[in-house]
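Quick one: the structure is below, and I'll ask about it shortly.
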Amino acid sequence: MSTSHPMVEARGVHKRFGRLEVLKGIDLEVPIGEVVCVIGPSGSGKSTFLRCINHLENIDAGTIRVANELIGYRQKGTRLYELSENEVAQKRREIGMVFQHFNLFPHMSAIDNVMEGPLRVLRQPKDTVKERAISLLNQVGLGEKANAYPAQLSGGQQQRVAIARALAMQPKLMLFDEPTSALDPELVGDVLGVMRTLAESGMTMIVVTHEIGFAREVGDKLIFMDQGIIVEEGKPRDVISNPRQQRTQAFLSKVL
């Protein structure tokens, strides 16, 4: 798909928490329709970078654009001004995020969880929202669980509801922050299957993951991060089977 700008463009992104510099100048482009998988050890800055993309964390230097629009800031001349929380929320609607922990509303059924955003935030008509919610639950293989509450669902089922909930906002971009790491091993496949189908549909995705097999099969690009920088990036099969950097080799030797 040809376009004049990528879906995500990060330039010189820095982030610190007190004295700890977590991101040390991240540059990344994600073309529309591509799946970028991010791997690396704990504490390498992967999740922080993901949270910066939708401005759950503000950045200390650099810029992040999604669909050619600055996220979290407005530019005037050469200066950047942080947007109000309300303005940030408007931009964030177009970015779906699925977390390691499912964050479903425990007092709401699966279908009500999926309907909540479009009803409350987008103010869409209830009939339209319900029809789409049913369709999305069917898409993630949980049509028959529409009226079940989170406590009645397995972890894998809750995560699939969380994906449906994110998709209900009709995002341009989906961010996944280690979506399978809290799941029992036998439940991982169902969630990865939903993500694979989503990738095949053309959704632009950035996936922080430990699932090397998923990255190899589904990713268009694989990024290895360590200590706040991108150490290596390339085609997933190339990076996994023939990593150029010693640090990447050492990491993959432990996880493969």
Side-chain angles (χ1 to χ4, degrees), residues 46-48 50-58 66 71-72 83-198 201 203 205-211:
K46 311 181 301 291
S47 295
T48 298
L50 217 57
R51 292 171 66 83
C52 289
I53 292 173
N54 66 356
H55 206 65
L56 287 173
E57 300 286 356
N58 57 8
V66 173
I71 293 298
L83 298 176
S84 70
E85 186 51 47
N86 202 27
E87 290 171 305
V88 171
Q90 294 276 350
K91 301 254 189 193
R92 204 180 276 143
R93 291 176 184 182
E94 298 186 334
I95 305 171
M97 185 151 183
V98 177
F99 298 89
Q100 182 175 348
H101 299 288
F102 329 117
N103 298 346
L104 298 178
F105 296 115
H107 62 288
M108 289 185 181
S109 65
I111 193 166
D112 288 338
N113 265 283
V114 176
M115 291 172 65
E116 178 75 356
L119 285 177
R120 296 281 178 114
V121 180
L122 302 182
R123 310 249 181 231
Q124 292 177 344
K126 188 169 185 178
D127 287 352
T128 308
V129 170
K130 186 167 187 177
E131 193 175 320
R132 180 160 167 75
I134 291 168
S135 170
L136 285 167
L137 286 171
N138 283 325
Q139 189 179 320
V140 299
L142 290 173
E144 79 287 357
K145 298 287 189 183
N147 296 313
Y149 286 83
Q152 299 169 311
L153 300 172
S154 71
Q157 290 170 332
Q158 290 185 61
Q159 192 62 294
R160 284 186 280 154
V161 172
I163 294 172
R165 179 179 61 180
L167 292 174
M169 297 294 285
Q170 297 175 281
K172 294 176 179 173
L173 168 69
M174 284 287 285
L175 307 176
F176 292 87
D177 188 10
E178 301 192 6
T180 59
S181 62
L183 302 180
D184 292 333
E186 68 268 24
L187 303 176
V188 168
D190 290 338
V191 173
L192 293 180
V194 169
M195 292 168 63
R196 185 186 298 265
T197 303
L198 195 55
S201 76
M203 175 64 76
M205 295 162 58
I206 303 178
V207 184
V208 171
T209 185
H210 293 299
E211 303 292 339

Shortest non-hydrogen contact from Leu175 toward Leu50: CD1-O, 3.7 Å
Single hit among Met174, Arg92, Arg51 for side chain to side chain contact (heavy atoms under 4.5 Å, CB included) with Met97: Arg51
Flag side-chain contact, heavy atom, 4.5 Å: Ile53 against Ile71: no
Heavy-atom side-chain proximity of Lys46 to Glu178 below 4.5 angstrom: yes
Short side-chain to backbone donor-acceptor contact, Glu94 and Lys91, under 3.5 Å: no
The single option from Val66, Leu56, Ile206 passing side chain to side chain contact (heavy atoms under 4.5 Å, CB included) against Ile95: Val66
Min side-chain heavy-atom separation Val161-Val140 under 4.5 Å: no
Nearest non-hydrogen partners of Pro150 and Pro106, listed with the distance: CD-O, 3.7 Å
Side chains of Met169 and Pro118 in contact at under 4.5 Å (non-hydrogen atoms): yes
Gln159 (side chain) donor-acceptor with Phe99 (main chain) under 3.5 angstrom: yes
Heavy-atom pair with the smallest gap, counting every atom of Arg165 and Phe105: NH1-N, 4.3 Å
Gln170 vs Gln124 side-chain heavy atoms within contact, under 4.5 Å: yes
